[in-house]
Protein chains: 2
Amino acid sequence: MTDAPAARRGIPGATVARLPVYLRALGALAATGVDTVSSEELAEAAGVRSAKLRKDLSYLGSYGVRGVGYDVVRLREEIARELGLQHDWAVAIVGMGNLGHALAAYSGFATRGFRVAWLVDEDPAIIGRTIAGLTVISFDDLASEPPQGVIGVIATPPTAAQAVADRLVDMGVHSILNFAPCVLNVPDGVEVRKVDLATELQILAFHEQHTREEIDGIADLAPVVEEPKEATS
Amino acid sequence: MTDAPAARRGIPGATVARLPVYLRALGALAATGVDTVSSEELAEAAGVRSAKLRKDLSYLGSYGVRGVGYDVVRLREEIARELGLQHDWAVAIVGMGNLGHALAAYSGFATRGFRVAWLVDEDPAIIGRTIAGLTVISFDDLASEPPQGVIGVIATPPTAAQAVADRLVDMGVHSILNFAPCVLNVPDGVEVRKVDLATELQILAFHEQHTREEIDGIADLAPVVEEPKEATS
DNA sequence: TAGATTGTTAATCGATTAACAATC
DNA sequence: TAGATTGTTAATCGATTAACAATC
């Protein structure tokens with residue numbers, strides 16, 4: 001009945017999580033002047049299988065040309081649009097410790113659609129200081145400017161994180177990136193993604209240990225006594 | 001034939017990735033003096049469903065007691081052992097920009113089984129400086145001390161990341177945490193986990209946009225003309 | 001047209017969940 | 001024993017993959 005792109009609704013979560021990777025790869029291609037790319041090439045650049053890439057892109061609509069490939073600029077725009085990156089998003093970082101400080105100065109945000117707009121801390125010794133060109137404000141100051149469509153970043157110690165999340169939610173924030181190693185409880189409709197640095201290392205430790213066991217030989221763990229082998233066959 | 005715990009091999013990846021979360025929750029419980037916990041309570045603390053928790057734990061063996069629950073200290077030890085956290089792991093951080101600097105000073109590593117042992121940069125202006133109590137060394141310096149069973153952390157700009165990964169792999173590192181927004185190519189047997197901060201925000205932007213569309217009303221996007229409804233059935 | 005590559009189908013694989021028998 | 005809770009089964013769900021018909 002309609003020409004509208006097929007599945008606007010219901011893009012699988014796993015696909016959404018990969019769109020930024022494709023976007024980045026397309027940006028790199030565009031920078032080098034490439035204007036058409038096949039699913040095979042783009043998949044290679046993004047570190048995925050081409051079948052997966054094509055399936056992912058098919059959820060956005062039909063932006064490729066059979067026998068030719070994808071127009072780099074066009075596809076990049078479509079993905080950016082799907083992710084809501086036609087305009088920049090404002091970000092509020094709460095917690096100006098080591099990590100918050102580094103995030104405030106991180107250049108990778110600005111180049112990929114985000115503008116760090118507020119730095120927040122509760123420590124009077126830190127409020128008022130200038131970090132990365134911004135003045136650190138208190139939570140009350142933040143609440144006084146209504147942060148519309150802001151993404152909140154929590155970089156406080158875990159003990160403070162839930163209270164911070166509660167205040168952000170009260171202000172109308174419904175997207176939160178949490179660096180504090182703890183579980184946050186938020187109402188329905190609020191999206192929390194978490195980045196836990198120590199957890200990432202612990203997952204690597206698991207693999208490191210198991211690689212190590214293979215190298216050292218499993219014999220150490222469960223000494224194998226070789227049966228005298230029959231000379232048959 | 002044997003009493004040995006069932007599935008030592010073949011713990012699903014999704015389960016491994018959750019074990020650190022359980023470990024953290026158990027640590028918090030132990031700190032408050034709780035000595036027994038049910039799957040329902042622990043799941044609540046870890047932010048998962050109890051059925052998932054029990055299934056995850058069943059891969060490690062049978063450490064619960066029916067009708068009672070899990071011994072907090074015991075379970076914590078078993079998970080730590082499974083993850084390879086009986087001893088600390090040494091970490092080498094490469095790239096002493098904002099992020100590398102913050103990671104070097106991050107207190108969350110030490111408390112969860114990791115010791116930042118080397119800070120590496122290639123900039124002569126940075127080599128020799130002291131950061132978080134450690135002297136920044138060059139790559140050649142790092143290569144001279146053979147880093148056994150080290151976990152490598154890459155916090156360089158994306159342009160340098162592949163070369164850094166290659167050098168780490170040459171030194172025998174086979175577990176890498178990559179903060180540079182780029183795809184790393186490594187040989188089989190080397191495990192790379194990646195943390196891309198801007199990607200996390202872009203995923204949130206997707207949800208933020210779609211939440212916003214719902215609030216603003218979908219009518220704006222695809223004006224619906226109501227068909228005069230037949231009064232049948 | 002012939003060659004190339006997309007978009008989609010169908011099969012497979014892995015992860016989640018509910019339910020409950022086993023058992024403390 | 002009666003009540004509680006684990007460990008496991010079986011069903012469901014979602015994601016990945018290979019293969020290929022559609023089509024530029």
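Computed over heavy atoms, backbone and side chain alike; hydrogens, waters and symmetry mates excluded. Below, read A as the first sequence line, B as the second, and so on, with proteins coming before strands; counting in each chain starts at 1. Everything numeric here is computed off the predicted structure, so don't read it as measured data.
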Undergrad: Would you kindly compare Val68(B) and Ala51(B) by the position of their nearest DNA chain C nucleotide and give the one closer to the 5′ end?
TA: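 Its nearest nucleotide being more 5', the pick is Ala51(B).
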Undergrad: On DNA chain D, nearest-nucleotide positions of Val37(B) versus Gly13(A): which is more 5'?
TA: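 Checking each residue's closest nucleotide, the 5'-ward one belongs to Val37(B).
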Undergrad: Work out which heavy atom in Leu83(A) is nearest to a heavy atom in Val16(A); give both atom names and the distance.
TA: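 Heavy atoms only, the tightest pair is CD2-O, 4.4 Å.
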Undergrad: What heavy-atom pair brings Ala161(A) and Cys182(A) nearest, and what distance separates the two atoms?
TA: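 Looking at all heavy atoms of both residues, the shortest contact is CB-SG, 3.6 Å.
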Undergrad: With a 4.5 Å limit on heavy-atom distance, are the side chains of Leu19(B) and Leu60(B) in contact?
TA: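 They are in contact (side-chain heavy atoms under 4.5 Å apart), so the answer is yes.
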Undergrad: Should Leu197(B) and Tyr106(A) be marked as a side chain to side chain contact (heavy atoms under 4.5 Å, CB included) after you check the CA-CA gap, both sets of side-chain angles, and the distance that decides it?
TA: CA-CA 9 Å; Leu197(B) 306 174; Tyr106(A) 183 55; 4.2 Å; yes
Undergrad: Give me the residues of residues 16-25 of chain A where at least one heavy atom lies under 4.0 Å from an atom of DNA chain C, by number, or none.
TA: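 Hits under 4.0 Å, by residue number: none.
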Undergrad: Parallel, tilted or perpendicular for Trp89(A) and His87(A), by the 30°/60° rule?
TA: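 Tilted, since the angle between the ring planes falls between 30° and 60°.
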Undergrad: Could you say whether Val65(B) or Gly69(A) is positioned toward the 5' end of DNA chain C, judged by the nucleotide with the nearest heavy atom to each?
TA: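 By nearest-heavy-atom nucleotide position, the 5'-most residue is Gly69(A).
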Undergrad: Does a side-chain N-to-carboxylate-O contact under 4.0 Å join Asp71(A) and Arg76(A)?
TA: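 Salt bridge flag = no for Arg76(A) with Asp71(A).
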Undergrad: Write out the stems for DNA chain D, ordered by first number and formatted as range with range, counting runs of at least 3 consecutive Watson-Crick or G-U wobble pairs under 3.5 Å.
TA: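 Consecutive-pair runs (3 or more) involving DNA chain D: C:3-24 with D:3-24.
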Undergrad: Testing the 3.5 Å rule here: is there a donor-acceptor pair between the side chains of Arg112(A) and Thr199(B)?
TA: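 Judged by distance alone, the side chains do pair up.
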Undergrad: Salt-bridged, Asp35(A) to Arg74(A), with N to O below 4.0 Å?
TA: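 Between Arg74(A) and Asp35(A) there is no salt bridge, as every charged N stays at least 4.0 Å from the carboxylate O atoms.
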Undergrad: What does Ala14(A) touch in the nucleic acid at a heavy-atom separation under 4.0 angstrom: a base, only the sugar-phosphate, or nothing?
TA: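 Touches sugar-phosphate only.
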Undergrad: Identify the two heavy atoms, one from Pro20(B) and one from Ile203(A), that lie closest to each other, and give their separation to 0.1 Å.
TA: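 So the two residues come closest at CG-CG1, 4.1 Å.
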Undergrad: Which nucleotide of DNA chain D is the first, and which the last, in the 5' to 3' direction, to come under 4.0 Å of a heavy atom belonging to chain A?
TA: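 On DNA chain D, the outermost contacted nucleotides are dA15(D) to dC24(D).
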Undergrad: State whether Asp88(B) and Arg115(B) are salt-bridged, where the test is any N-O pair (Lys NZ or Arg NE/NH1/NH2 against Asp/Glu carboxylate O) under 4.0 Å.
TA: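 Here Asp88(B) does not pair with Arg115(B) in a salt bridge, since their nearest N and O are not under 4.0 Å apart.
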Undergrad: Give me the atom names and distance for the closest heavy-atom approach of Tyr63(A) to Glu78(A).
TA: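 What the structure gives for the nearest pair is OH-OE1, 3.3 Å.
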Undergrad: Toward the 5' end of DNA chain D, which comes first, Ser38(B) or Lys55(B), by nearest nucleotide?
TA: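 Per heavy-atom nearest nucleotide, the more 5' residue is Ser38(B).
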Undergrad: For a quick check of understanding: with a heavy-atom distance under 4.0 Å over all strands, which category does Arg49(B) fall into, base, sugar-phosphate or nothing?
TA: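 Sugar-phosphate, no base atom in range.
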